[in-house]
Structures are given as structure tokens and as C-alpha cells.
2 protein chains.
Amino acid sequence: MNKGNIVCEVELIDEKKVKAVKKKLPQDTLINQLSETFKSLSDFTRLKILLSLAEEELCVCDIAALTGVSVSATSHQLRLLKNARLVNYIKEGKMVYYSLDDEHINKIVNEATKHCLE
Amino acid sequence: MNKGNIVCEVELIDEKKVKAVKKKLPQDTLINQLSETFKSLSDFTRLKILLSLAEEELCVCDIAALTGVSVSATSHQLRLLKNARLVNYIKEGKMVYYSLDDEHINKIVNEATKHCLE
DNA sequence: ATAACATTTGAGCAATTGTTCAAATGAAAA
DNA sequence: TTTTCATTTGAACAATTGCTCAAATGTTAT
């Protein structure tokens, strides 16, 4: 993954500093989980779905109407969110009702909103 | 963007519900800014950079060493983060020192960590 | 059974992304 | 000046993404 730059990496970096920071970083597996979580929130349609579900439990049809994308695209995104453990669903006959699976999402979005509005 | 599905969208959706939820949603422009912010956090390398800068101000060289990607790739990502107003930099001779530009980032990451660890 | 229909699924496609490579900047040292 | 070197930049490329379309499920109604 990292080729060359031998000078920079071996001789000139502030090794103490780098090691000190490295020690404080979360494990790669956690950083990976975090980035995956943010990836789920990084798409306009998915984020709108989550914001909608934060208000109320909704069926695929209604979510599609709210987001303005096709039912198929909505279903694809919902599966993604389900895999990311961000939403849950219950089946009622033909209908499938989705809901938010995690209260943290609201807090995350709220903090991000502060950043956007500052 | 949404073709067909006339039945689903015009006749069968719970229109009251949909309208009520729609009214409570943030404006599209804000949702867009939010998703862009999350996009900045959604890449492993970029997130690691931000976590590192949360600890200490660092030069490009050191950041490259910490993340394990090339200096060039690091620089590209730093520019992205700069455009997203998530980092700042100061120049000192040949060196460029980057730092976190926003304390919210830590809070966002902390909330996301709770989600990942639950 | 057959039809209707909400939802899911998989293939295919254009657009975006993260990286590498090579070359360009720009500042300090020789 | 010339060299060195941290950083930036742009082109190119493979990999990923989010969508559409068509077909498949699975459930309810006729």
C-alpha cells in the first residue's frame, strides 16, 4: 500500500510524535466499523430515510414517496441500512414496516447539524 | 428520478402520514450538507487522519506514516478534508502542519463509537 | 386456481471514489 | 545558482456506488 517515500518515512518523520499518536488511536477494526457507519449516513437518500424513520415507522411505499426515488431503489437502500444495523422491520401481510434501530443516530445527526450550521 | 409506480405513490400510500413526516424533515440543502459531512468521515484513511489530528497537530509526512498510505494520497485526502472545513493548516517553511478545525467531530465520532460498540 | 400488488432481488450501467504515478511548486540548504 | 525535499497537483485506473429495469417472491383478494 505504501511504496517509496523512504526518506520521508524512515528518516525525517517525528517518530516520537507519530508513535505517541498511534498509541492513542482506536484499533483499526473499530475505525473500520466507524467509517462503515458514516458511509451509511453519507448518501442523501439513505440519510433522508433515516431522518424520516426517526419521526415514524413507515412502509417501503411511503419511504419511496418521501425520498422521491423508486420503490426498488428504496428497497435496496433499506437492505443496506438493515445490514448496518441502523433499521429494523416488521412484516404485516404484504406490507413491511421499517423503523429506526438505534437512538444514537439522532445524536450523531444532531452533532453533525451543529457542524453544518456553524 | 421516479418513474412509474403510479399505483403505489398515488393511491395506496398513507398520504397523511407521509405529509406529516415530510413537514418535520430538515430542508434538502441541510440534508445534503449533512450527507457530505458524513461522506468525509466515511473513508478509513480520512477518518484515521481526523482521529490523529484530534490528538495532535501533524505534518503531511507524519500523517502519511500514521495512515500507511503514500504522501500523495495523504495530500489528496487532506485537501478534501480542508474543503469540507474539517481541518486547517499552517505553513512553516517547507512543512505544512494540519490540525482539526472543528470540535464537533470528536462528539460525532464518540456517538458513532457508542453505536459500534453496542 | 388466478389476479393484484408490496416488496425483494440480480444484472447492468453511468458516475464517483481512492489510489498510484509522474511532474510541478516552492522553500531551505549547499 | 543548484540541489534537496515536503508538499501539491493532474491524469489515469480499478473498484465501488446508486440507480433502473425486468423478473421473482410471497401474501391477500377474487
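Numbers restart at 1 for each chain; the letters A, B, ... are given by sequence-line order, proteins then strands. Predicted, not measured: the structure shown is a model, and the values here were computed from it.
Taking side-chain N and O atoms only, A/S75 has no distance below 4.0 Å to OP1 or OP2 of C/dT7. Regarding contacts with the backbone of D/dT17, every side-chain N or O of A/Q77 stays at 4.0 angstrom or more from both OP1 and OP2.
Nucleic acid contact class of A/Y98 (heavy atoms, under 4.0 Å, all strands): sugar-phosphate only.
Minimum atom distance to the side chain of B/V96 is reached by D/dT7, of the listed D/dT7, D/dT28, C/dT19. The A/A73 side chain lies nearest to D/dT20 when the options are C/dT7, D/dC5, D/dT20. The nucleotide whose nearest atom lies closest to any side-chain atom of A/C61 is, among D/dC19, C/dT7, C/dT19, C/dT7. Among the nucleotides D/dT28, D/dT7, D/dT20, the one closest to any side-chain atom of B/C59 is D/dT7.
Side-chain contact check for B/L78 versus B/K82: every heavy-atom pair is 4.5 Å or farther apart. Residues A/I63 and A/L66 have side chains not in contact (no heavy-atom distance under 4.5 Å, counting atoms from C-beta outward). Side-chain contact between B/D28 and A/F44 is present, with at least one heavy-atom pair separated by less than 4.5 Å.
Clustering ILVMFWY residues whenever any of their side-chain heavy atoms sit less than 4.5 angstrom apart, transitively, puts B/I105 in a cluster other than the one holding B/L80.
Against DNA chain C, the stretch residues 39-58 of chain B makes heavy-atom approaches under 4.0 Å through B/K39, B/D43, B/T45, B/R46.
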Are there any protein N/O atoms within less than 3.5 Å of an N/O atom in nucleotides 10-13 of chain D, and if so, which ones and at what distance?
residue	atom	partner	partner atom	Å
D/dG10	O6	B/H76	NE2	2.9

